[in-house]
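A quick write-up on the structure given underneath.
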Amino acid sequence: MLFVISLLIAAASYFVYKSMRKTGRYQESRFSLGALAVGIVIAFSQMFTVIPAGTVGVVDFLGNVSDRTLKAGVNFVNPLANVIKFSIKTQEIKELMNVPSKEGLTVQLEISLLYSLDPENASKIYRTVGENYTNIILIPQFRSVVRAITAKYEAKALYTDSRELLATEIRNELEKLVAPRGILIEASPLRQIVLPAGLTAAIEEKLKAEQESQRMQFVLKREEQEAERKRIEAKGIADFQDIVSRGISDQLLKWKGIEATGKSVEIPEFQNYYYRLG
């Protein structure tokens with residue numbers, strides 16, 4: 001529209017300029033010439049559009065949407081076309097909703113959704129949904145998927161280590177629904193889960209009991225290992241004493257006694273026994 005207006009201004013200024021020149025009104029003709037230059041500059045500038053970083057442009061010329069999306073930077077376009085800019089940056093949706101659990105309890109869930117627009121499908125999104133694709137497609141599907149998946153889990157699972165599994169399943173299921181439309185799902189982290197007060201206390205007590213049971217199992221295992229170590233040590237000492245006791249005889253003791261007194265005794269049986277030991 002601005003392109004057409006600037007062309008009309010330029011054309012009108014040109015005719016005024018010619019008319020002023022014919023009548024000799026040169027000072028007025030200069031103003032007309034200036035208006036003509038401004039109109040031409042504005043019209044020329046409408047042939048280019050600047051796409052900011054992190055966005056793409058979709059060209060709509062009189063209802064005909066181009067399949068080619070404009071990348072970030074300066075782009076030459078039809079001055080009569082309308083350029084719609086779509087962000088392809090990571091965006092976040094925060095939802096606070098009451099969801100059902102497997103037991104039929106109502107759980108308050110605060111969850112985020114990180115998503116972005118596929119730049120190659122921006123024109124498809126514009127043609128089939130429009131600029132408000134987040135509220136039309138993404139948010140309703142997101143809420144539906146979250147409620148469907150939490151209904152498969154018990155409330156205590158949402159409160160414990162199954163949270164990561166739940167978040168991954170939500171992401172995968174939502175991606176199946178919206179990826180063909182050109183929406184990329186990056187993550188769906190669970191920010192906060194609020195269970196009924198009585199259930200929260202019961203879960204915490206159960207977790208404490210499980211932790212205490214695990215601690216006692218560790219203590220018992222450690223005591224069993226210590227008892228086994230002592231048994232092995234005692235057996236080793238007993239085996240050593242048995243070996244030593246079998247190697248000591250009355251004849252050996254007598255011989256050692258003679259050696260201690262420094263006397264030399266010719267006792268063949270001792271000598272033979274001594275050599276045998278040596």
Side-chain angles (χ1 to χ4, degrees), residues 1 46 48-102 106-153 157-158 162-194:
M1 181 62 70
Q46 296 304 300
F48 299 90
T49 186
V50 177
I51 305 299
T55 60
V56 293
V58 176
V59 181
D60 182 357
F61 177 60
L62 303 178
N64 184 22
V65 180
S66 173
D67 292 330
R68 185 179 67 89
T69 55
L70 303 179
K71 308 301 181 182
V74 179
N75 295 266
F76 179 78
V77 295
N78 186 336
L80 297 177
N82 183 27
V83 178
I84 300 92
K85 298 181 174 102
F86 284 88
S87 173
I88 57 174
K89 297 177 182 178
T90 298
Q91 302 181 68
E92 181 184 19
I93 295 175
K94 294 181 181 179
E95 285 288 325
L96 180 62
M97 60 181 78
N98 294 323
V99 297
S101 66
K102 188 175 182 180
T106 299
V107 178
Q108 189 178 74
L109 183 65
E110 184 178 352
I111 185 172
S112 291
L113 178 66
L114 302 179
Y115 71 98
S116 60
L117 178 66
D118 183 2
E120 300 301 325
N121 288 304
S123 58
K124 178 182 177 181
I125 283 284
Y126 178 73
R127 279 197 303 266
T128 59
V129 183
E131 299 178 64
N132 196 23
Y133 67 91
T134 300
N135 292 326
I136 296 174
I137 294 180
L138 190 57
I139 293 179
Q141 295 282 20
F142 179 46
R143 292 171 178 171
S144 175
V145 167
V146 170
R147 288 188 171 91
I149 291 179
T150 56
K152 299 190 299 184
Y153 287 83
L158 306 180
S162 295
R163 294 176 59 170
E164 291 299 325
L165 180 62
L166 175 66
T168 301
E169 189 171 351
I170 290 173
R171 176 190 176 278
N172 293 338
E173 289 299 319
L174 184 60
E175 190 173 36
K176 293 177 184 178
L177 296 174
V178 300
R181 307 297 296 270
I183 303 174
L184 305 177
I185 304 301
E186 298 179 13
S188 56
L190 303 181
R191 299 170 61 87
Q192 186 178 12
I193 297 176
V194 180

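Sequential numbering from 1 along the given sequence is applied to the chain's residues.
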Check your understanding: Can R127 and D60 be counted as an ion pair, charged N to O under 4.0 angstrom?
Key -> no
**Study point:** Contact check, side chains of L114 and I93, non-hydrogen atoms, under 4.5 Å
**Key:** no
**Study point:** L109 vs N98, side-chain contact (heavy atoms from CB on, under 4.5 Å): CA-CA, chis, key distance, verdict
**Key:** CA-CA 6 Å; L109 183 65; N98 294 323; over 6 Å; no
Check your understanding: Taking the side chain as C-beta and beyond, is there a heavy-atom pair between T49 and V74 under 4.5 Å?
Key -> no
Point to revise | Working for side-chain contact (heavy atoms from CB on, under 4.5 Å), residues Y115 and L174 | key: CA-CA 11 Å; Y115 71 98; L174 184 60; over 6 Å; no
Study note, to complete from the structure: side-chain contact (heavy atoms from CB on, under 4.5 Å) test vs Y126 passes for just one of I84, N121, V59, namely I84
Check your understanding: Under 4.0 Å between a Lys/Arg side-chain N and an Asp/Glu carboxylate O for K94 and E110?
Key -> no
Practice item. Check whether any side-chain N or O of S188 sits under 3.5 Å from a backbone N or O of A167 as a donor-acceptor pair, and report yes or no. Key: yes
Review point. Taking side chain as C-beta onward, heavy atoms only, is D118 less than 4.5 Å from I183?
Key: no
Check your understanding: Just by modelled atom types, is the G73 backbone N or O under 3.5 Å from a matching donor or acceptor in the N75 side chain?
Key -> yes
Review point. Parallel, tilted or perpendicular: which describes the rings of Y133 and F86, with under 30° parallel and over 60° perpendicular?
Key: tilted
Point to revise | Note, T150 side chain near P100 side chain (heavy atom, < 4.5 Å) | key: yes
Review point. Is the shortest heavy-atom distance from the side chain of S123 to the side chain of V65 under 4.5 Å?
Key: yes
Practice item. For the pair R191 and E92, find out whether any cationic side-chain nitrogen is under 4.0 Å from an anionic carboxylate oxygen. Key: yes
Review point. With a 4.5 Å limit on heavy-atom distance, are the side chains of F61 and V77 in contact?
Key: no
Point to revise | K71 NZ: over 12 foreign heavy atoms closer than 6.0 Å | key: yes
Check your understanding: Mind checking whether V146 and E95 have side chains closer than 4.5 Å, heavy atoms only?
Key -> no
Review point. How would you list all residue pairs meeting side chain to side chain donor-acceptor pair (under 3.5 Å) that involve residues 81-91, not counting sequence neighbours?
Key: T90-E186
Check your understanding: Do I51 and V83 have side-chain heavy atoms sitting under 4.5 Å apart?
Key -> yes
